[in-house]
Amino acid sequence: MIYREAGRFKTSYASDQAIFPIVQDRVFVRAAVVAAFVVPPLVAGDYWLQAILIPFLIYALAAIGLNLLTGYAGQLSLGTGGFMAVGAYSAFKLTTAFPRLSIIAVFLLSGLAAAAIGLLFGIPSLRIKGFYLAVATLAAQFFLIWLFNKVAWFTNYASSGTITAPDRTVLGVTVTGPNATAAARYVMALAFVTVFALVAKNLVRGRIGRSWMAIRDRDIAAEIIGVRPLRTKLLAFGISSFYCGVAGAELVFLYLGSAETLAFDINQSFLVLFMVIIGGLGSVLGSFLGAAFIILLPIFLTRLPHSLGLIMSVALQKQIELMIFGGLILFFLIVEPHGLARLWQIGKEKLRLWPFPH
Amino acid sequence: MSHPAPAGPVLEVDGVSVRFGALIAVNQVSLSVGRGQIVAIIGPNGAGKTTLLNAVSGFYHPYEGRIAFEGKDRTRLQPPDVAALGIARTFQNVALFKGMSVLDNIMTGRLLKMRGSFLLEALYWGPAKRQELEHRAFVERIIDFLEIQAIRKTPAGRLPYGLQKRVELARALAAEPKLLLLDEPMAGMNVEEKEDMCRFILDVNHEFGTTIALIEHDMGVVMDICDRVVVLDYGRKIADGPPAEVRKDQAVLDAYLGVAHE
Amino acid sequence: MAAVAKSTDAQALDPEHDTFPKLVRLNARRLGNKVAIREKDFGIWQAYTWSQYFEQARLIALGLASLGFARGDRVAIVGDNRPQLYWAVMAAQALGGVPVPIYQDSIEKELDYIVDHAEVRFAVVEDQEQVDKLLSVRARCRHLQHVVYDDPRGMRAYSEPGLVSLAELCELGTKFEVGHPTHFDDEVARGAADDVAILCYTSGTTGAPKGAMLSHRNLIATARNAARCEGLDQDEEVLSYLPMAWVGDHIFSYAQAIIMGFTINCPESPVTVLSDLKEIAPTYFFGPPRIWESILTGVMIRVEDAGRPKRAMVHFFLRLAQDIERKRLGRQAVPLWQRLLYLLGSILVYGPLKDNLGFSRVRRAYTAGEAIGPEIFLFFRGLGVNVKQLYGMTEASVFVTIQRDGDVRLDTVGTPITDVEIRISGEGEVLFRSPGVFQGYAKNPEATRQTLEDGWIRSGDAGFLDHDGHLKIIDRAKDVSRLADGTIFAPKFLENKLKFSPYVREAVCIGQGRPCVTAFINIDLAAVGNWAERRNIAYTSYADLAQKAEVYELIHREVERVNRSLAEDEVLRGAQVRRFLILHKELDPDDEEITRTRKVRRAYIAQKYAPLIEALYSGQDRVQVEAKVTYEDGRTGTMRADVSIRDVDVFSAQAAR
Amino acid sequence: MSDLLYMVLVAPFKDMAGSPAFLVEVLIGGVFAGLMYSLVALGFVLIYKASGVFNFAQGVMVLFAALTLVGLLERGAPVVVALALTAAVMVGLAYAIERVVLRPLVNQPQIILFMATIGLNFFLEGFGEMAWGANVKKLDIGIPDRSFIVRGVQINELELTAAVTAAVLVTLLALFFQTTRIGLALRAVADDHEAALSIGIPLKTIWVVVWSVAGVVAIVAGLMWGAKSGVQFSLSLIALKALPVLILGGFESVPGAIVGGLIIGVGEKLGEVYWGPLVGGAIENWFAYVLALAFLLVRPQGLFGEKIIERV
């Protein structure tokens, strides 16, 4: 209904292969990105930035990472929390060992560290598939968490076993540590997720994305076409872990401020996986939608009884939250197993074809 | 499209046997496919035709015998290496990537021709972008060739069967193969679709000089378009020659009559 | 009765720009970098500028010259709309040759006839399919020597002499130019306004095709006059999807495009026309009624799949739009609430719908060729697509009359364009005279004489000019007859009016030499069946349904509606339907009652159903009939039925209002 | 360096040889733990085999069963009645899951069903705790947690009972599969849904039955674990411990689940006791996984899986 596509013909492959080939989409996305950089820092309160927007952006990044691996390359992973931990601990070690290193470089290097570990744990994917692989990635999850817990070197021998984000600046603005404003951390997180969402889009629409999807859809046919499975899967593991690593570093440096290994336990892996599934497998947009859903749902559930005027014990509320959370997940899977991105897609198609149904 | 290549057969299969446990699916089969030929492999169900193709693709490895491509032994190569030599194929039960569009499916056929530069690809910039667009242009020529313009953006999984087969052929052609293996390219098609497919196969052979080995049940098609016919039965080769001769061969008649009354 | 619109520079053409090649050369200079042709090829719209257009055509011309092309040679052009084929048209003209576009789906017999009759020496064709046809034609026609093909696909094995690809031809041209640097310019300079520019074969309903010769002057003057009348400019976008062999495409995609310098767009393939239409969103569009009809049908089918509320909403707004448009065309006031609703409808339905169809940019669109159903016409106009009727003929370089903006009517074909004179002969036939009047039929003086009389063309259509100077076409002249009292009776016109009702599938009107008009009706089984179901009327078969009193009532109303509209028409007022019956069986090509293309075989029906006709004129209200029917498997049988007859009121002009 | 090699490769074996009775105790402990893993893994295998669902909620089902049992016992129900009621609850649960979760998601990709079971996991966790309370509860079904010594080896009576019960259960299951019609159908359904239908048992029934059986297995597992370490939330985490068993034994193999469980149980105990101290202990969380993974790299089809011949 809103879309007006008649007369917008493509005269080059470049415009036909653009990320957003439809003008309205392009305009909307650009405006949305600009608005995201400008509006919330000016308008949103600290609670919104700190409790909702910053974690949303960080988890969106992690979800994109997992989506590349699971949604595009078809390799189910439950080790996300572990890879995020690698990023977080690498960032901590790097900032303390090289205090003058730019925080941006620290994040990127942490991502690389996570990528290296991801590659290592991706090796079994050559031999095993599906749930066997998923279970194998749990090994990464448990082993890595155990490692960071046990080896005091990772926490610089802190007696509390926690890692803490020091103050670091970008262009003279403090973006991490206790003195950074929520707005600065928000912009930092947004900048990262914007760039890496774009990178993800670029990867999946090109050579690499196609080889991932080929492996996902028909691994044998892909091999016979010339896709080398190990190389392709490992690349997916590496890139995915890079994203998760950066997200892990951000989680500590931009959101929590300090953390123990508990912040990266198996539940974290499930949380990100939920985001990917609820958002939509094989969709970058879906990663954002899924992250928003999973971040907002508990907040909503926590506030619901209060706003309804119900008073209940903390334990009871927690239990009810769990039930509703689980129930809603089931509900969503049943209503739209392909996730929010598919709903979005269907809605968009409807608008494009309106008044025709298809 | 192809460089001047050495003389002699493109593909030589020499005494190849493939077995699964106790079952010998292909039993000491030898055959050779000459450059530019269209060779049909026929035989009753379970004769080992697909298995033989799989062995050529590198998907199964023979436990005895030798497979040579353009004179070089390649018996033990893995499928991606076989593909890199210039052998492409289609599958008996269409093996398209269902989650991808027709265009992307065919683009996967170009993967071997594309060079990786990860960082540039991440930025979709410079040579990486150029490479994408160049290969798109090439793929569009194949889309044009196979007359599938109207469906290029359709998800492959949503296409009717006949078109899926055509897209699969397009994907194989995108690799610019020297040898094209077609596993029942016309199975399940109606007469019109079959005629189209025959025309495409002949055109590929004529236009690009591609050597083609195909498995086909429709004897009319085989007689029409093939230079040579190889007949398998119970994993063994029972005949090999021009279609007109093979047609009269007693062993072939027996094998076919045997199954005709099943 | 005559209407004349005269311009001052009627026949004068600047000798520097009096042929199409000269005009293209002018465009290449003036609009060198402006896009002349787009073609969707390999997935994207590939553009060619006017300088490329000229250069390509020049190379093709030189190539043809190198093959020994002589002035006056005929060049067959066969294929889908492709830039290369348009260039070939110009190339032939540049050398003083005559392009002969031929329908790409012609069977060999037709191709044979035209190639032989036009004495075609060269052929420029699209692909292998056409090459095959022409090669087999060449085996029989002694004139045809060279076949040039554009698409080399599948041509590798061909080694016939005189067969050359377009690319090779251009190479030959480049080489030829070295020895003859001024050949092209010389030949173009030799061209004159009155040279034959194109030979258009029209498929007559009877006899062999006739080749209408149109000169550069015919085409340039007419195309320019029409463009001026309609205010075309150089930014128009046109979708060239109609066959090149049809004169309309030649005018819209070639003559007017060159004269105005606008852009034409060639679709990717015949199956992608509709999506290409959407992508291009032309500003200037032409479609015969069947195209409009099929687009409308497509819309309705797709809307039917929508959920009930949406479907109801869409239908509501479409009805509203048609209602408003009907009022507008009838110069009636549109109430404010309707106008407000229309605004809402623009957001909800009309805008998106136009966009989806590719009509959001169209400024003028035309329908011609035959009568368009008023519902179809109102539907598109209601959406805001400025579709208008025009009247034209191959022999007139198309344009005779056009409905002007702000003066569109349902039942006329508009007023004459600049320099066209119209008069109505004593027999009621439409005659006209214009700069576009053709040079005659090639090698057919007899037919030329029959059509062309003192510079006037006999259109073969019966019609009249109403008091606003609008031309109204009634029927083919030979089908028009008179009732016993001398009143004009146009059966096909009446039948078409009846068939505009969704419930009427076929109608046969009788009246020649009779005191009044009567009609046989065939109901539309699907539509009436549906109607009956909604009213819980049970029926077993077509024959059963056809004789239901309720159905008679329904059809009665439809016939009355037709009568009412006839009453408004001063000429045809006297030929209203007095009595009708609903036939007990559907008219069927298998029973030879209608042709395969669903044209009524009047004489056969009159003979076969003589008793029914007698009953219609004898005042009975019931008649028994026995009819032979042919079943699908070829067996025949007889069916007996009782058929009712109904009287219908006729209306006076006042009553109609 | 050589010190390290010595500590890894020599010292643990010297320790073993030095105190065989202790080694036997460790092994018995391992076998016991392994049987417990096997019980949980069995639940997984049953469901995976019959419905292709990777049931992540198996661990919570164990917790839920134990919570229900304890809750009933606390309210004064006799042991037998409580067991029967719990079984009824588990069957009801299976029925509900089939209706609410499986049926609407039939024909969806496995990963979706997998995610659904995680949703189920959350739901049951919340529901169980809300219904029966979240405190750590003592589960006492009258088996004394006593030890006796045979030839210098300390044996725990509770562990022994558990081991015997597990063995009996496994035998019963095996019989169930081999001899009953439903059992046959179950085996058929694992291979081919249509074939199963042709036996004349509707798929829905099969699912209800199999989830019920998995529920009953969960009761036994909950009973044993609960008696040993109390009924609390962490009980649901034993599911995670059962996963390596699955990779080792294969998702569809009942004997695989048992043997895999024993290997993991024993391997884990040995690792923890003899090598654990080298790396600071608490390796039980991941050791089983690494063990299973290492094994898989050698034999991708698992312990009892057949070499898969892939078709194209």
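All chains are named by letter (A, B, ...) in the order of the sequence lines, taking the proteins before the strands, and each is independently numbered beginning at 1. Fair warning: this is a prediction, and the values are worked out from it, not measured in the lab. Keep in mind that the numbers below use all heavy atoms, side chains included, and drop hydrogens, waters and symmetry copies.
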Checklist outcome for this item: When rounded to the nearest 0.5 Å, the distance separating CG of Leu103(B) from OH of Tyr13(A) is 9.5 Å
Checklist outcome for this item: Note: vs chain A, highest number of non-hydrogen pairs under 4.5 angstrom among His135(B), Lys153(B), Lys129(B), Glu168(B) is Lys153(B)
Item to check | Worked check of side-chain contact (heavy atoms from CB on, under 4.5 Å) between Val227(A) and Leu111(B) | outcome: CA-CA 7 Å; Val227(A) 178; Leu111(B) 283 173; 3.6 Å; yes
Next on the checklist: Other residues, nucleotides and ligands only: do more than 12 of their heavy atoms fall within 6.0 Å of CZ on Arg76(B)?
Outcome noted: yes
Item to check | Main-chain N/O of Glu121(B) paired with Asn202(A) side-chain donor or acceptor, under 3.5 Å | outcome: no
Checklist entry - Side chain, backbone, both or neither: which part of Ala128(B) has a heavy atom under 4.5 Å from chain A? => result neither
Item to check | Spacing of CD1 belonging to Ile208(A) relative to CZ belonging to Phe118(B), to within rounding of 0.5 Å | outcome: 5.5 Å
Checklist entry - Nearest heavy-atom pair of Asp217(A) and Lys98(B): which atoms, and what distance? => result OD2-N, 3.5 Å
Checklist entry - Side chain, backbone, both or neither: which part of Leu96(B) has a heavy atom under 4.5 Å from chain A? => result backbone
Item to check | Contact origin within Val139(B) toward chain A - heavy atom pairs under 4.5 Å | outcome: neither
Next on the checklist: Run the side-chain contact (heavy atoms from CB on, under 4.5 Å) test on Ile225(A) and Arg89(B) for me, step by step, so that the C-alpha distance in whole Å, both residues' side-chain angles and the decisive distance to 0.1 Å come before the verdict.
Outcome noted: CA-CA 8 Å; Ile225(A) 274 174; Arg89(B) 70 172 285 184; over 6 Å; no
Item to check | Heavy-atom contact with chain A under 4.5 Å, split by part of Arg115(B) | outcome: backbone
Item to check | Gap between atom CG of Asp81(B) and atom CZ of Arg228(A) - 0.5 Å precision | outcome: 4.0 Å
Checklist entry - Side chain, backbone, both or neither: which part of Ser117(B) has a non-hydrogen atom closer than 4.5 Å to chain A? => result backbone
Item to check | Residue selection (most heavy-atom pairs with chain A, distance under 4.5 Å) from Met100(B), Glu140(B), Gln78(B) | outcome: Met100(B)
Next on the checklist: Using modelled atom types and a 3.5 Å cut-off, is there a donor and acceptor pairing between side-chain atoms of Glu132(B) and backbone atoms of Arg207(A)?
Outcome noted: yes
Checklist entry - Contact part of Ala122(B) toward chain A, heavy-atom cut-off under 4.5 Å: side chain, backbone, both or neither? => result both
Checklist outcome for this item: One should read off an interatomic distance between Tyr124(B) OH and Lys201(A) NZ, to the nearest 0.5 angstrom, of 12.0 Å
Checklist entry - Taking the six-membered ring of Phe97(B), is the NZ or CZ of Arg216(A) close enough (under 6.0 Å from the centre) and on axis enough (within 45°)? => result no
Checklist entry - What is the distance from atom CE of Met107(B) to atom OG of Ser211(A), rounded to the nearest 0.5 Å? => result 11.5 Å
Checklist entry - Do other residues, nucleotides or ligands put more than 12 heavy atoms under 6.0 Å from the CZ atom of Arg158(B)? => result no
Checklist entry - What part of Ala222(A) lies closer than 4.5 angstrom to a heavy atom of chain B: side chain, backbone, both or neither? => result both
Checklist entry - Highest number of heavy-atom pairs under 4.5 Å with chain A: which of Ala172(B), Ala174(B), Ala175(B), Ala95(B)? => result Ala95(B)
Item to check | Backbone N/O of Arg110(B) and side chain of Arg210(A): donor-acceptor pair under 3.5 Å | outcome: no
Next on the checklist: Nearest 0.5 Å, please: how far is CD1 in Ile224(A) from CD1 in Ile87(B)?
Outcome noted: 11.0 Å
Item to check | Contact class of Ile19(A) relative to chain B, heavy atoms under 4.5 angstrom | outcome: neither
Checklist outcome for this item: Turns out that what part of Leu112(B) lies under 4.5 Å from chain A's heavy atoms comes down to side chain
Checklist entry - Any chance OH of Tyr161(B) has more than 12 other-residue heavy atoms, nucleotides or ligands included, within less than 6.0 Å? => result yes
